[in-house]
Amino acid sequence: MAHHTLTLNYGPDWSFHPDKDVLPVKKGDTISFQLGTAPPNSRFKITANDPASFSPAEVSDSTKVTVVKAVDSVFRCQLFDPAGNLLSRKDQDGVHTKPVDT
């Protein structure tokens, strides 16, 4: 079981995405998210498109996610300013998970 750390960066075109486009995962792997380039005091939310395959299915500000079932899926990424206003494009696709053979 591997632990993956993804760094989330905010771009000048309102994009907000991790430093990897595709993440190979196995059941039992963990994924954590950390904020990289972003406005000061920003907060983020990451939501799994396949909530039954990840626990928890939604995280905010660096909570660890466990892969319950390795599936081909996508996480949505959102970035908010300190007042809770959305800075990124709404429900922007983030990392794409791909199951790998054990």
(request) Indicate yes or no: at least one non-hydrogen side-chain atom of L86 is less than 4.5 angstrom from one of D81. (result) no
(message) With rounding to the nearest 0.5 angstrom, report the CG to NE2 distance, L79 to H17.
(response) 11.5 Å
(request) Please list, chain by chain and in numerical order, all residues satisfying side-chain contact (heavy atoms from CB on, under 4.5 Å) with D13, sequence neighbours excluded. (result) S15, R89
In residues 32-40, what donor-acceptor pairs under 3.5 Å come from side-chain atoms, sequence neighbours left out?
unit_1, atom_1, unit_2, atom_2, d
S32, OG, H3, NE2, 3.1
S32, OG, T5, OG1, 3.4
Q34, NE2, T7, OG1, 2.9
T37, OG1, N9, OD1, 3.4

(message) For H4, run the side-chain hydrogen bond (donor to acceptor under 3.5 Å, both in side chains) check against T97, T30, D29 and tell me which one passes.
(response) D29
(request) Kindly compute the distance separating NZ (K45) from OG (S60), expressed to the nearest 0.5 Å. (result) 6.5 Å
(message) For a 4.5 angstrom cut-off between non-hydrogen side-chain atoms, does V25 reach V100?
(response) no
(message) Using a 4.5 Å cut-off between side-chain heavy atoms of Ile, Leu, Val, Met, Phe, Trp and Tyr, which other residues end up in the same hydrophobic cluster as V74?
(response) none
(request) State plainly whether one hydrophobic cluster holds both L6 and V71, where clusters connect Ile, Leu, Val, Met, Phe, Trp and Tyr through side-chain heavy atoms under 4.5 angstrom apart. (result) yes
(message) Within the structure provided, determine whether P99 and D72 are in side-chain contact (heavy-atom separation under 4.5 Å).
(response) yes
(message) Nearest 0.5 Å, please: how far is CG in L87 from CD in Q78?
(response) 11.0 Å
(request) May I ask you to check whether T47 and E58 show a side-chain donor-acceptor distance below 3.5 Å? (result) yes
(request) Check whether any side-chain heavy atom of F54 sits under 4.5 Å from a side-chain heavy atom of S73, and report yes or no. (result) yes
(message) Side chains of R76 and N49, heavy atoms from C-beta outward: is any pair under 4.5 Å?
(response) yes
(message) Do F16 and F44 make a side-chain contact, defined as non-hydrogen atoms from C-beta onward lying under 4.5 Å apart?
(response) yes
